[in-house]
K.L.:
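Have a look at the structure that comes next, please.
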Amino acid sequence: MIDVRVFDTAEGVAVAAADAVVALVRRKPDTVLGLATGSTPLGTYDQLAERRRREGISFTRVRGFLLDEYVGLAPDHPERYRNVILRDLAARVGMPVENLRAPRVDEPDLAAACAEYEAEIARAGGVDLQILGLGTDGHIAFNMPGSELDSRTRLTTLTDQTVRDNARFFDGDEGQVPREVLTQGLATIMEAREILLLVTGERKAAALAELLEGTVTPERPGSVLHAHPRTTVLADRAAAPPVGVASTW
Ligand code: F6R
């Protein structure tokens with residue numbers, strides 16, 4: 001079952017997501033967060049920085065696991081997702097760098113790095129709250145259409161559509177977007193105790209409508225969330241299907 005909450009603006013989505021994170025961190029100061037990158041969660045990360053400034057909430061014991069990471073970018077590349085999260089979230093909320101984990105894409109044995117990432121998540125006690133974005137082709141993390149529903153952290157290849165979508169982070173140059181990535185699998189994500197799927201903007205409306213109305217199928221990786229016990233979609237009006245303010249699918 002998926003709860004859907006619709007807000008007038010993307011800012012409303014960001015505030016609601018930040019509210020959920022702050023409430024959890026207050027309750028459990030060593031919360032384990034699952035962190036998405038891309039443009040959608042940036043407003044939420046802005047809100048968290050603001051809440052920390054205003055309310056002094058401490059993130060020093062919060063731990064974070066990234067969903068995915070590009071393979072082949074230099075360790076100091078600004079678009080390495082680990083660098084993005086350090087810059088856009090951790091540095092601003094005071095989350096220590098050693099509390100942050102990303103799949104280790106520089107290891108010679110990537111399969112071993114993926115297995116170790118799964119083990120690290122398990123050793124941390126699992127993810128308490130996973131923040132997700134949605135791809136225009138329905139992907140979550142970098143689980144492209146066709147991903148196995150029982151997939152775990154692994155090496156995979158981006159679709160042409162995702163490469164095109166992400167070129168905006170690489171000076172609009174598709175040639176600079178790495179094709180290969182390490183990503184948490186769908187089964188890995190499903191083990192998070194709570195999931196927030198953030199969806200904003202008209203260009204996501206079709207993918208969200210398909211996710212919500214469709215059955216669970218690898219062709220729409222986000223549809224796997226129908227089988228999760230505690231998933232909430234936070235959508236702005238531009239992305240949401242034309243229904244009431246709050247609904248359950
Ligand atoms: C990134 C990730 C991706 C993005 C998705 C949407 O860590 O996991 O699934 O959430 O590609 O990206 P944006 O938010 O840039 O539209």
Side-chain angles (χ1 to χ4, degrees), residues 10-11 13-14 17 33-47 64-71 73 77-90 100-103 105 114 117 121 127 129-147 151-172 174 177-190 192 195-208 210-211 218 220-225 231 233-236 238-240:
E11 196 187 352
V13 170
L33 292 178
L35 298 167
T37 46
S39 49
T40 312
L42 290 178
T44 301
Y45 299 156
D46 287 345
Q47 290 292 332
F65 283 89
L66 272 67
L67 278 173
D68 38 26
E69 184 62 279
Y70 290 117
V71 175
L73 293 181
H77 193 290
E79 290 306 323
R80 273 277 279 250
Y81 281 162
R82 189 165 196 282
N83 297 335
V84 169
I85 288 290
L86 280 172
R87 183 178 64 230
D88 292 339
L89 180 66
L100 201 64
R101 294 279 183 276
V105 289
C114 290
Y117 199 58
I121 296 173
V127 170
L129 178 63
Q130 175 65 59
I131 295 169
L132 291 178
L134 184 65
T136 55
D137 60 4
H139 70 246
I140 53 172
F142 277 146
N143 294 283
M144 300 290 117
S147 295
S151 54
R152 314 281 330 181
T153 303
R154 69 198 184 287
L155 175 68
T156 190
T157 307
L158 299 183
T159 56
D160 290 345
Q161 185 172 332
T162 300
V163 169
R164 273 196 300 278
D165 286 347
N166 285 9
R168 68 193 194 283
F169 297 109
F170 293 86
D171 303 323
E174 287 175 31
V177 183
R179 285 342 199 222
E180 293 198 316
V181 293
L182 297 189
T183 183
Q184 287 190 31
L186 293 173
T188 319
I189 293 168
M190 289 289 282
I195 295 178
L196 292 180
L197 175 63
L198 315 183
V199 194
T200 59
E202 203 182 343
R203 67 189 191 97
K204 300 290 177 65
L208 180 57
E210 281 189 1
L211 185 162
R220 291 185 293 269
S223 66
V224 73
L225 298 172
T231 286
V233 172
L234 304 179
D236 69 359

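Both ligands and their constituent atoms are indexed starting at 1 by order of listing.
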K.L.:
side-chain contact (heavy atoms from CB on, under 4.5 Å) with Gln130: which of Leu196, Leu33, Leu67?
P.N.:
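It is Leu67; the other options fail the test.
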K.L.:
To the nearest 0.1 Å, how far is atom 16 (O) of ligand 1 from its closest protein heavy atom, and which atom is that?
P.N.:
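Of every protein heavy atom, Lys204 NZ, 2.7 Å lies nearest to atom 16 (O) of ligand 1.
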K.L.:
Which residue owns the protein heavy atom closest to atom 14 (O) of ligand 1, what's the atom, and how far is it?
P.N.:
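That would be Thr40 OG1, 2.4 Å.
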K.L.:
Identify, with sequence neighbours excluded, every residue that meets ring-ring contact (aromatic ring centres under 6.0 Å, His included) alongside Tyr117.
P.N.:
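If we apply the ring-ring contact (aromatic ring centres under 6.0 Å, His included) test to Tyr117, skipping adjacent residues, the hits are Phe65.
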K.L.:
Look up atom CG in Leu129 and atom CD1 in Ile195, then write down how far apart they are to the nearest 0.5 Å.
P.N.:
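CD1 of Ile195 is found 9.0 Å from CG of Leu129.
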K.L.:
Please determine if Phe169 has a nitrogen or oxygen closer than 3.5 Å to a nitrogen or oxygen of ligand 1.
P.N.:
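No, no N or O pair falls under 3.5 Å.
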K.L.:
Does the side chain of Thr188 come under 3.5 Å of the side chain of Arg154 through a donor N or O and an acceptor N or O?
P.N.:
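On atom types as modelled, these side chains do not qualify, holding no pair under 3.5 Å.
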K.L.:
Is it the case that the ring center of Tyr70 lies less than 6.0 angstrom away from the ring center of Phe170?
P.N.:
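Under 6.0 Å, so yes.
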K.L.:
What protein heavy atom sits nearest atom 10 (O) of ligand 1, and how far off is it?
P.N.:
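Looking only at protein heavy atoms, the one closest to atom 10 (O) of ligand 1 is Gly133 CA, 3.3 Å.
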K.L.:
Step by step, would you call Leu225 with Leu132 a side chain to side chain contact (heavy atoms under 4.5 Å, CB included)?
P.N.:
CA-CA 11 Å; Leu225 298 172; Leu132 291 178; 4.0 Å; yes
K.L.:
Hey, could you give me the OG1/CG distance between Thr40 and Leu134, rounded to the nearest 0.5 Å?
P.N.:
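One finds 8.0 Å between OG1 of Thr40 and CG of Leu134.
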K.L.:
Which is closest to atom 8 (O) of ligand 1 by heavy-atom distance: Asp68, Ile85, Leu134, Thr37?
P.N.:
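Of the listed residues, Asp68 has the closest heavy atom.
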K.L.:
For atom 3 (C) of ligand 1, grab the closest protein heavy atom and report residue, atom and distance to one decimal in Å.
P.N.:
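Heavy-atom neighbour on the protein nearest atom 3 (C) of ligand 1: Ala141 O, 3.6 Å.
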K.L.:
Quick one: does Arg168 get a heavy atom under 4.0 Å from ligand 1?
P.N.:
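Yes, Arg168 has heavy atoms under 4.0 Å from ligand 1.
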K.L.:
A quick test of your reading: do over 12 heavy atoms of other residues, nucleotides or ligands sit less than 6.0 Å from CD of Glu11?
P.N.:
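Counting other residues, nucleotides and ligands, CD of Glu11 stays at 12 neighbours or fewer.
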K.L.:
Would you mind checking which non-hydrogen protein atom is closest to atom 5 (C) of ligand 1, with the distance to 0.1 Å?
P.N.:
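Ranking protein heavy atoms by distance from atom 5 (C) of ligand 1, first comes His139 NE2, 3.4 Å.
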K.L.:
Looking at Gly38, which atoms of ligand 1 are within less than 4.0 Å of one of its heavy atoms?
P.N.:
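Atoms satisfying the 4.0 Å criterion: 14 (O), 15 (O).
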K.L.:
By number and element, which atoms of ligand 1 are closer than 4.0 Å to a non-hydrogen atom of Arg203?
P.N.:
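That gives atoms 16 (O) of ligand 1.
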K.L.:
Which atoms from ligand 1 have a heavy atom of Leu67 less than 4.0 Å away?
P.N.:
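Here the atoms of ligand 1 in question are 8 (O).
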